Amino acid sequence: MSEYPFQNIETKWQAFWESNKTFRTPSDVDTSKPKYYVLDMFPYPSGVGLHVGHPLGYIATDIVSRYKRMNNFNVLHPMGFDAFGLPAEQFAVEHGVHPRITTEKNIDNMLRQLKALGLSYDWDRKLSTTDVDYYKWTQWIFLKLFNSWYDEEQDKARPIEELVEIFADTRPGWSLLSTAEKEHVLEGYRLAYLAEVPVNWCPALGTVLANEEVTNEGRSERGNYPVYKRPLKQWMLRITSYADRLEEDLEDVNWPEPVKMMQRNWVGRSEGAHVDFVVEGQEDKLRVFTTRPDTLFGATYMVLAPEHELVDVITKNDQKAAVKAYRKEASGKTDIDRMSESKTKTGVFTGCYAINPAGGSRIPIWIADYVLMGYGTGAIMAVPAQDERDWEFAKVFDLPIVRTVQPPDGFDGKAYTGDGPAINSEFLDGLRIDEAKARMIDWLEAENHGEGTVTYKLRDWLFSRQRYWGEPFPILRGEDGSVRAVADDELPVELPPMEDFKPTASDDPEAPPRPPLSRAPESWRVVEIDGVKYERELNTMPQWAGSCWYYLRFIDNMNDEAFAATDQEKYWMSPAGVDLYIGGVEHAVLHLLYARFWHKVLFDLGYVSSVEPFGRLFNQGYIQAYAYRDERGIAVEATKVVNQDGRPAMDVQDQKGQTYFYEGQPVSQEYGKMGKSLKNAVSPDEINDQYGCDTLRLYEMYMGPLEASKPWNTRDIVGVNRFLRRVWRNFIQDDTDVILVSDDPATDEQMRLLHKTIARMTSDMERMSFNTAIAALIEFLSGIVSLDTIPRSIAEPFILMLAPLAPHISEEIWQRMGHEESLAYAEWPEVDEKWLVQDMLKLVVQVNGKVRGTIEVPADTSKEAIIEAGRTNEKVIRHLEGKEIRREIYVPGRLINIVVG
RNA sequence: GCCGGGAUGGCGGAAUAGGUAGACGCAACGGACUUAAAAUCCGUUGAGACGUAAGUCUCGUGCGGGUUCGAGCCCCGCUCCCGGUACCA
């Protein structure tokens with residue numbers, strides 16, 4: 001037989017696992033055993049398939065799953081597809097085929113690629129968010145949101161009926177209200193509600209987008225099209241009610257700090273005060289939000305956002321023209337314009353004055369676009385002495401500046417935002433910022449000028465999309481505009497089959513949105529209940545809906561009574577949810593924040609048992625690769641680039657002094673994330689064909705730490721491939737195909753090597769340090785490579801340790817060693833400490849911290865004798881001559897350091 | 001600007017609790033086997049100096065300081081790279 005027949009082996013074992021359902025997790029697992037739920041962020045089934053960067057995380061979770069199975073855990077390791085949403089629909093539109101068909105085709109291709117990697121998923125739990133019996137439950141959860149409200153006192157969501165009962169008891173005249181009037185009140189409380197709000201409208205995509213889906217250049221994250229603000233009536237989810245809990249509960253999860261930080265920033269909690277200003281000639285006061293109530297005495301002017309509703313009311317006649325012009329200019333600006341002009345402040349005086357409640361001075365009211373309508377109250381008190389933006393504005397328009405915090409000596413700056421004693425502030429003088437804030441808030445509340453408050457950057461979640469390929473809302477609308485939920489037993493509301501599912505895209509930002517479902521057949525669109533006609537909600541849910549809760553459906557995916565049976569949910573989700581969740585950091589805010597929100601709602605309503613969905617999150621790094629551009633700056637196929645000697649760039653790209661050519665033309669080298677756009681993608685299929693997937697798995701893990709981004713270098717693959725070939729050659733005789741394992745006892749030296757390796761492997765696997773784990777196996781093999789036959793007592797543990805990393809070759813050798821069962825549930829080797837004990841210690845002897853010699857002593861030598869041996873070592877003596885020994889340090893088992901002066 | 005993360009040989013990386021810096025792999029070089037090549041196996045490989053040699057010494061983890069018997073690791077001050085965020089009051 002030819003050496004290392006990886007193709008036969010891998011085909012054989014993938015078929016074996018599939019037909020034996022080796023990795024199925026039955027619903028009646030022995031719950032006395034510990035559980036481990038390992039989850040990947042499931043992929044979009046895109047048409048282009050995978051490149052080698054995609055499976056990095058999947059390979060890692062697979063290794064963890066296999067390792068945990070060998071450690072007597074019940075492992076839940078499922079996989080599915082996030083197939084609704086824009087990418088799937090755009091692909092379908094581009095190819096002119098129905099999204100249901102392209103989605104299924106793409107899923108099939110991806111399944112093939114995933115299975116070719118030998119990943120140990122329980123494929124019986126496979127799901128797609130587009131499955132009718134999946135999105136039935138997505139709709140069901142939406143109805144739970146619709147039928148709930150947030151009780152601020154109990155700090156949890158409760159069923160809306162309970163609010164109705166409370167209103168009946170406590171709200172005078174409640175029973176006199178009409179159904180519509182009651183519903184209007186309740187709308188202000190429901191966690192899913194309709195509201196007319198300024199939304200991010202993307203005419204090119206024909207849909208609205210969530211704040212999270214818009215880049216800071218004001219473009220759509222998907223497709224990079226311009227996005228405009230416009231008011232529309234849309235479904236919203238009241239995620240802001242959960243702002244504090246979404247922030248606070250980050251404390252209790254084992255997540256990467258950067259991701260926690262990004263979520264905290266997104267929630268953007270800030271503490272401060274509302275302050276009410278009397279406006280001359282107005283009844284109503286003007287309310288501002290400030291984080292620095294302590295600086296109120298230094299507020300020398302006020303600024304309203306140009307969109308603020310009071311602008312028209314307060315503007316004096318002689319300023320009307322200027323204000324109108326400024327407002328028009330501001331509204332016509334896109335976000336990009338605002339950004340590019342952010343250097344100099346602009347604004348217009350309204351002609352109107354307000355009275356500073358602290359000190360009573362008369363201060364002018366301006367409008368300026370550096371104040372945003374979407375944050376706080378859309379109005380600020382400007383304190384130029386302690387705020388950089390206000391300082392710049394005051395300088396441009398020559399407004400007064402009063403310092404209310406004493407800057408340190410020698411401070412020559414402008415606005416001073418640091419701490420210091422209050423000045424020019426009457427009853428606050430001398431207090432530090434924190435004390436002054438608290439005192440001012442007390443005063444504001446006592447004098448009825450405002451109160452302490454908290455605001456957030458987080459907005460409610462815009463939940464409607466004007467697209468076809470999404471979950472229909474289980475909502476009916478009456479002709480009078482009333483809203484009615486579809487009954488639970490009427491679920492699912494299936495997406496109607498439509499020939500023309502394309503969105504109505506437009507270049508005109510003012511064109512009215514026309515959801516594709518408005519063209520659905522009337523038989524679907526119109527529903528009659530008790531003689532009343534309703535039209536179905538024509539928007540669909542955003543892509544994130546399906547991915548918000550898929551981890552729960554995996555637990556019990558066949559259940560048609562509930563999204564998951566209670567006992568199953570308890571077993572797999574208690575106490576801290578998913579035990580390991582691996583995915584890219586790009587989901588830090590969107591998916592992870594939304595999923596946490598839904599989970600908390602379900603928790604409040606008693607449907608899930610853990611506070612957080614994902615107890616431990618891990619971000620794998622990106623795989624990067626060299627890429628090449630021609631003189632026009634266009635990326636060229638990296639595999640076809642050669643160096644000055646005509647060698648493929650792949651072989652020399654990490655060396656200096658190279659110049660590169662593509663079809664004879666010089667090209668420049670760069671380095672970036674692997675992908676289509678840089679034309680530097682490497683397909684796993686290629687590597688599989690040439691080396692096999694055990695090699696691919698090993699190489700991806702051997703490249704470096706899982707969390708680090710690292711360069712792909714096809715050249716380096718031969719390293720791990722040589723290792724596997726060497727394993728094969730050592731275990732299987734080349735010409736006779738005989739297994740080279742004997743029942744001879746292992747030598748002591750071999751046993752020491754084995755147990756040292758087990759100890760290293762176990763700790764490396766626990767901390768997911770797979771690169772060093774592989775190094776340990778390579779070292780072990782070098783230690784036994786010269787043996788003609790390998791003693792079974794060391795051969796078997798070695799194969800078991802190799803198994804999670806390179807499962808196919810391991811299964812094959814395991815079987816040839818005489819085992820009838822798969823090694824998938826064999827026991828992970830255990831360290832026998834007695835083989836770790838050293839009889840002789842090798843110690844380094846340092847003089848003043850520099851290594852000068854080594855000594856070898858029996859392990860039971862006393863400290864004094866060891867130091868003596870070190871001091872008298874011939875190489876050491878030279879460095880001690882003529883010097884006084886001041887100190888002698890012995891670090892047990894490691895070194896001796898002799899300090900001389 | 002602000003907030004995170006990082007920088008170790010020609011390259012990817014290792015050093016888990018402050019204790020021999022460079023494990024393991026790639027590349028390169030030398031050797032064995034071979035008619036030859038591939039494959040495989042053995043050896044060398046951070047830089048420099050001295051020595052015929054065994055070897056010895058000096059320097060060395062982005063830069064400059066510090067703490068310590070001892071610093072890649074801790075502290076202070078920088079540089080550069082990557083990610084997030086940006087008039088958020």
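Residue numbers start from 1 in every chain, and the chains themselves are labelled A, B, ... in the order their sequence lines are given, proteins ahead of strands. Computed over heavy atoms, backbone and side chain alike; hydrogens, waters and symmetry mates excluded. Small disclaimer: the values here were computed from a predicted structure and weren't measured.
Listed pair A/Tyr375 / B/rA89 meets the phosphate criterion, a side-chain N or O lying under 4.0 Å from OP1 or OP2. The side chain of A/Arg725 contributes an N or O atom lying less than 4.0 Å from OP1 or OP2 of B/rU40. Within the structure, every side-chain polar atom (N or O) of A/Lys842 is placed at least 4.0 Å from both OP1 and OP2 of B/rU20. For B/rA14, the OP1/OP2 oxygens have a side-chain nitrogen or oxygen of A/Asn771 closer than 4.0 Å. Dashed line: the shortest gap from a side-chain N or O of A/Arg722 to OP1 or OP2 of B/rC26 is under 4.0 Å. OP1 or OP2 of B/rC24 has not a single side-chain nitrogen or oxygen of A/Thr772 nearer than 4.0 Å. A/Arg726 has a side-chain polar atom (N or O) that falls below the 4.0 Å cut-off from OP1 or OP2 of B/rC41. OP1 or OP2 of B/rU58 lies within a sub-4.0 Å distance of a side-chain N or O belonging to A/Arg852.
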Run the side-chain contact (heavy atoms from CB on, under 4.5 Å) test on A/Ile363 and A/Phe277 for me, step by step, so that the C-alpha distance in whole Å, both residues' side-chain angles and the decisive distance to 0.1 Å come before the verdict. CA-CA 10 Å; A/Ile363 60 176; A/Phe277 285 70; 3.9 Å; yes

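In summary, A/Arg269 and A/Glu271 engage in a salt bridge, as defined by a charged side-chain N under 4.0 Å from a carboxylate O. The pair A/Arg292-A/Asp387 does not count as a salt bridge, with every side-chain nitrogen at least 4.0 angstrom from each carboxylate oxygen. Salt bridge absent: A/Lys437 and A/Asp294 never bring a charged side-chain N and a carboxylate O closer than 4.0 Å. The existence of a salt bridge linking A/Glu779 and A/Arg760 is confirmed by a sub-4.0 Å separation between a basic side-chain nitrogen and an acidic carboxylate oxygen. Using a cut-off of 4.0 Å between Lys/Arg side-chain N and Asp/Glu carboxylate O, A/Arg871 and A/Glu868 are scored as salt-bridged.
As judged by a 4.0 angstrom heavy-atom cut-off over every strand, A/Pro705 is placed among residues touching the sugar-phosphate backbone only. Counting any heavy atom pair closer than 4.0 Å across all strands shown, A/Arg894 reaches sugar-phosphate atoms only and no base atom. Using a 4.0 Å heavy-atom distance criterion, A/His879 is classed as a sugar-phosphate-only contact. Across all strands, A/Val844 comes closer than 4.0 Å to base atoms (heavy-atom distances). Across all strands, A/Lys710 comes closer than 4.0 Å only to sugar-phosphate atoms, never to a base (heavy-atom distances). Base engagement by A/Ile889 is indicated by at least one non-hydrogen atom pair under 4.0 Å involving a base atom.
The listed nucleotides are B/rC69, B/rC26, B/rA23; the one nearest the side chain of A/Val718 is B/rC26. Taking the side chain of A/Met262 as heavy atoms from C-beta on, and the options B/rA27, B/rG84, B/rU20, the nearest nucleotide is B/rG84. Distances from the side chain of A/Val891 to the nucleotides B/rG25, B/rG19, B/rC69 place B/rG19 closest. For A/Tyr702, the listed nucleotide lying nearest its side chain is B/rG12; candidates were B/rG12, B/rC26, B/rG19. Nearest nucleotide to the side chain of A/Arg878, out of B/rA39, B/rC87, B/rU56: B/rU56. Side-chain proximity of A/Asp387 to B/rA89, B/rG19, B/rC24: nearest is B/rA89. Ranking B/rG4, B/rA89, B/rA39 by closeness to the A/Met261 side chain, first place goes to B/rG4. Comparing atom distances between the A/Val785 side chain and each of B/rA39, B/rG19, B/rC42 picks out B/rC42 as nearest. Checked against B/rG19, B/rC87, B/rA89, the side chain of A/Gln846 finds its nearest nucleotide in B/rG19. When distances run from any side-chain atom of A/Arg767 to the nucleotides B/rU16, B/rA89, B/rG12, the shortest one goes to B/rU16.
Projected onto RNA chain B by closest heavy-atom contact, A/Thr854 and A/Asp390 fall at different nucleotides, the more 5' of which corresponds to A/Thr854. Positionally, the nearest nucleotide of RNA chain B for A/Ser763 lies more toward the 5' end than for the other of A/Ser763 and A/Lys850.
One atom, CE of A/Met701, and another, P of B/rG25, lie 19 Å apart when rounded to the nearest Å. A straight line from CG of A/Leu781 to P of B/rC41 spans 9 Å, rounded to a whole angstrom. Look at CE on A/Met761: it is 15 Å from C1' on B/rA23, rounded to the nearest Å. In this entry the distance linking CG of A/Leu593 with C1' of B/rU85 reads 16 Å, nearest Å. Rounded to an integer number of Å, the gap from A/Glu766 CD to B/rU16 P is 18 Å. If you take CG of A/Leu880 and P of B/rC69, they are 18 Å apart, rounded to a whole angstrom. Atom-to-atom, CG of A/Leu296 to C1' of B/rA89 comes out at 13 Å; the value is rounded to the nearest Å. Distance, A/Ile774 CD1 to B/rA23 P: 17 Å, rounded to whole Å.
Checking A/Thr295, A/Leu286, A/Asn356 one by one against A/Met381, the side-chain contact (heavy atoms from CB on, under 4.5 Å) holds for a single residue, A/Thr295.
Under the 6.0 Å distance and 45° angle rule, A/Lys673 counts as a cation-pi partner of A/Tyr622.
At a cut-off of 3.5 Å, with distance as the only test, a side-chain donor of A/Thr346 or A/Tyr326 sits close to an acceptor on the other residue.
For A/Asp716 against B/rC26, no side-chain N or O and base N or O form a donor-acceptor pair under 3.5 Å.
One C1' atom belongs to B/rU61, the other to B/rU20, and the distance between them is 15 Å to the nearest Å. With both ends at atom P, the span from B/rG6 to B/rA54 equals 42 Å, rounded to whole Å. Straight-line distance between the C1' atoms of B/rG13 and B/rU34: roughly 35 Å, to the nearest whole Å. Spacing between B/rC75 and B/rA7 at atom P, rounded to whole Å, works out to 15 Å. Separating the C1' atom of B/rG31 from that of B/rG18 is a span of 42 Å, rounded to the nearest Å. Annotation: B/rA15 and B/rA71 have their C1' atoms spaced 13 Å apart (nearest Å). Nucleotides B/rA38 and B/rU45, compared at atom C1', are 25 Å apart to the nearest Å. Nucleotides B/rA49 and B/rG60 place their C1' atoms 15 Å apart, quoted to the nearest Å.
In a base pair of the Watson-Crick type (N1 to N3 plus N6-O4 or O6-N4) or a G-U wobble (N1-O2 and O6-N3), with each distance short of 3.5 Å, B/rG18 is matched with no nucleotide. Using N1 to N3 plus N6-O4 or O6-N4 for Watson-Crick, or N1-O2 and O6-N3 for G-U wobble, each under 3.5 Å, B/rC63 pairs with B/rG77. With a cut-off of 3.5 Å on both Watson-Crick or G-U wobble distances, the partner of B/rG83 is given as B/rC3. Look at B/rU44: its Watson-Crick or wobble partner, with both distances under 3.5 angstrom, is B/rA28. When both pairing distances are held under 3.5 Å, B/rU52 makes no Watson-Crick or G-U pair with any nucleotide shown.
Ring geometry, A/Phe397 versus A/Trp366: the interplanar angle falls from 30° to 60°, so the pair is classed tilted.
Classification of B/rA17 as syn follows from a glycosidic angle within 90° of 0. Annotated as anti: B/rG43, whose glycosidic dihedral deviates from 0 by more than 90°.
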